[in-house]
Amino acid sequence: MRPSYLSIRFPILLLVFLAAFSWAGAQELSITSKLDRAEMQIGEQAVIDITIRTADLDHTHLQVPNDSSMMQMEILAFGVTDTVEVKAPIVEIKAQMVITSFDSTLLEIPPFIVTDGQSQAMTKSLFLKVTMPEVDMSNPDSIYDIKEPWGVPYTFTDLLNLLLRHPLTWIILVVFLGALAHHFYKKYKERQALRPEKKPDERTLPAYDRAIAALETLRQKKLVEAGLFKEYFTELTDLLRDYISETRQIDAREMTSSEILEALQRIELPEKERLLLRSILQTADLAKFAKYKPMPGEDAEAIRQARVFLDEVHNLWES
């Protein structure tokens with residue numbers, strides 16, 4: 001029995017409807033690409049204009065070809081140039097890719113593919129002829145770069161590296177340091193010349209007596225009351241250094257505080273006297289080099305400790 005006319009038409013209409021629906025869905029996703037030129041010389045640049053239409057922007061992804069033919073060209077730049085809403089929800093995206101090549105060949109650019117998770121679309125392959133530049137060897141002055149070198153700004157690090165690599169920089173630096181050293185040496189000699197020359201005395205008094213007299217003189221100067229803490233402790237340590245130099249044949253005048261303590265330890269200075277001297281020298285170093293301002297009464301305590309030290313070592317060294 002032949003099927004009825006209605007039963008035959010129904011499957012055909014269903015197929016037509018599904019095909020039309022699929023075609024309409026595919027029309028919502030499309031991609032086209034176009035080269036701005038068909039031929040260029042080695043090293044020149046060509047632009048590929050890409051246009052994508054999609055109804056699902058969040059899930060739309062562009063797949064850039066990545067096969068052996070792409071190895072013959074270099075992508076210099078690629079980015080979106082414009083996005084336009086055609087008719088909701090369809091959006092048109094325009095992008096540009098800048099390419100160059102250094103092979104003389106017919107360059108085939110494979111299709112670009114765009115997907116939205118449900119369907120995909122692709123462009124046709126593009127062809128770009130890359131040729132060698134014509135060189136007139138009889139006129140070498142006419143030979144020049146196809147593209148001018150890109151200007152890259154110098155950074156401070158670049159300039160510093162260039163200066164350090166140049167031998168003239170080191171010559172100038174050595175001359176400058178030499179002149180600076182000469183200047184400071186000259187100033188030093190001038191200050192030395194202005195200092196009153198010390199007249200040699202007969203040193204009729206013993207070293208201990210002169211040290212005690214110097215302590216009393218320092219006390220009467222009232223340098224601490226005038227705020228001259230550095231000068232006060234400098235004079236205090238100087239008279240102690242002089243006493244040690246004269247009685248122990250140690251050049252304490254040219255030694256640091258730690259060097260003096262080490263030298264005295266080698267000649268078996270008792271622990272009590274060594275601690276006294278260390279306390280005085282530490283306080284003096286703070287006042288002279290760290291701008292330390294002594295507590296009230298600390299200056300008098302320093303003189304008292306200096307007197308005790310002189311008394312103790314006098315009995316040990318000069319008895």
Side-chain angles (χ1 to χ4, degrees), residues 180-319:
L180 193 63
H182 175 72
H183 170 75
F184 283 112
Y185 177 75
K186 186 178 178 182
K187 290 292 185 182
Y188 169 76
K189 297 299 289 185
E190 289 176 354
R191 286 196 299 269
Q192 289 293 104
L194 293 176
R195 286 184 178 181
E197 184 178 355
K198 291 184 179 180
K199 296 180 180 181
D201 56 0
E202 298 180 358
R203 296 187 179 272
T204 55
L205 291 175
Y208 170 76
D209 295 336
R210 280 185 279 109
I212 297 299
L215 275 179
E216 186 57 29
T217 302
L218 177 61
R219 191 198 311 272
Q220 293 175 3
K221 285 185 177 181
K222 300 187 180 299
L223 295 177
V224 172
E225 287 79 354
L228 302 176
F229 305 108
K230 178 180 178 181
E231 289 77 3
Y232 177 86
F233 282 98
T234 299
E235 288 194 25
L236 177 61
T237 53
D238 282 349
L239 68 89
L240 292 175
R241 290 170 188 269
D242 289 340
Y243 177 79
I244 295 171
S245 298
E246 292 179 28
T247 57
R248 294 289 91 186
Q249 288 74 48
I250 297 174
D251 192 9
R253 300 180 185 91
E254 302 299 326
M255 290 182 177
T256 63
S257 298
S258 58
E259 289 173 344
I260 293 173
L261 293 171
E262 289 177 5
L264 292 177
Q265 190 172 10
R266 287 195 293 270
I267 62 173
E268 299 182 355
L269 179 69
E271 183 68 11
K272 177 183 176 182
E273 286 72 26
R274 190 174 65 83
L275 292 176
L276 274 173
L277 182 60
R278 185 177 68 178
S279 175
I280 297 168
L281 293 177
Q282 285 180 346
T283 304
D285 287 343
L286 289 173
K288 289 191 291 184
F289 305 115
K291 298 182 179 179
Y292 170 73
K293 184 178 180 181
M295 299 292 292
E298 196 169 358
D299 55 306
E301 177 62 17
I303 281 193
R304 188 195 68 79
Q305 290 179 342
R307 177 60 188 262
V308 173
F309 172 81
L310 290 171
D311 291 339
E312 295 290 340
V313 296
H314 170 64
N315 295 328
L316 290 172
W317 294 345
E318 297 184 50
S319 59

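Please read these numbers as outputs of a predicted model, since none were measured by experiment.
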Asks: Is any side-chain heavy atom of Ile250 closer than 4.5 Å to one of Met255?
Replies: yes

Asks: Between Gln282 and Ser279 (side chain of the first, backbone of the second, donor and acceptor by atom type, cut-off under 3.5 Å), is there such a pair?
Replies: no

Asks: Please walk me through it: do Gln305 and Leu277 pass side chain to side chain contact (heavy atoms under 4.5 Å, CB included)?
Replies: CA-CA 8 Å; Gln305 290 179 342; Leu277 182 60; over 6 Å; no

Asks: Is there a side-chain contact between Ile212 and Arg307, using heavy atoms and a 4.5 Å cut-off?
Replies: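 Yes - at least one pair of side-chain heavy atoms lies under 4.5 Å apart.
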
Asks: Closer than 4.0 angstrom, basic N to acidic O: yes or no for Lys221 and Glu231?
Replies: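 Salt bridge between Lys221 and Glu231, a charged N being under 4.0 Å from a carboxylate O: no.
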
Asks: Give a yes or no answer on whether the side chain of Thr237 reaches the backbone of Thr234 with a donor-acceptor pair at less than 3.5 Å.
Replies: yes

Asks: Let me confirm one number: the OH-NZ distance from Tyr232 to Lys222, rounded to the nearest 0.5 Å.
Replies: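 Result: 10.5 Å between the selected atoms.
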
Asks: Test your reading of the model: is there a side-chain donor-acceptor pair from Glu262 to the backbone of Glu259, 3.5 Å cut-off?
Replies: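 Absent.
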
Asks: Determine the minimum heavy-atom distance between Leu261 and Arg274, stating which atoms define it.
Replies: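 Of all heavy-atom pairs spanning Leu261 and Arg274, the closest is CD2-O, 4.0 Å.
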
Asks: Can you check whether Leu240 reaches Leu310 side chain to side chain, under 4.5 Å on heavy atoms?
Replies: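 Yes - at least one pair of side-chain heavy atoms lies under 4.5 Å apart.
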
Asks: Starting from the C-alpha separation in whole Å, work towards a yes-or-no answer on side chain to side chain contact (heavy atoms under 4.5 Å, CB included) for Leu215 and Leu236.
Replies: CA-CA 7 Å; Leu215 275 179; Leu236 177 61; 3.5 Å; yes

Asks: From Leu218 CG over to Phe233 CZ, what is the distance, rounded to the nearest 0.5 angstrom?
Replies: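 The distance works out to 9.5 Å.
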
Asks: Just how far is it from atom CZ of Phe229 to atom CG of Asp299, taken to the nearest 0.5 Å?
Replies: 8.0 Å

Asks: Kindly assign one of parallel, tilted or perpendicular to the pair His314 and Tyr208, based on the angle between their ring planes and the thresholds 30° and 60°.
Replies: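 Ring orientation of His314 relative to Tyr208: parallel.
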
Asks: At what distance, to the nearest 0.5 angstrom, does CD of Glu271 lie from CG of Leu276?
Replies: 10.5 Å

Asks: Checking side chain to side chain contact (heavy atoms under 4.5 Å, CB included) for the pair Val313/Tyr243: CA distance, chi angles, key distance, verdict?
Replies: CA-CA 10 Å; Val313 296; Tyr243 177 79; 3.6 Å; yes

Asks: Counting distance only, does the side-chain N/O of Ser245 pair as donor-acceptor with the main-chain N or O of Ala252 below 3.5 Å?
Replies: yes

Asks: Strictly below 4.0 Å, N to O, side chains only: are Arg210 and Glu246 in salt-bridge contact?
Replies: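 Yes, Arg210 and Glu246 are salt-bridged.
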
Asks: Arg253 and side-chain contact (heavy atoms from CB on, under 4.5 Å): which partner among Asp238, Asp242, Ile260?
Replies: Asp242

Asks: Quick one: list whatever passes side chain to side chain donor-acceptor pair (under 3.5 Å) with Gln220, sequence neighbours left out.
Replies: Glu216

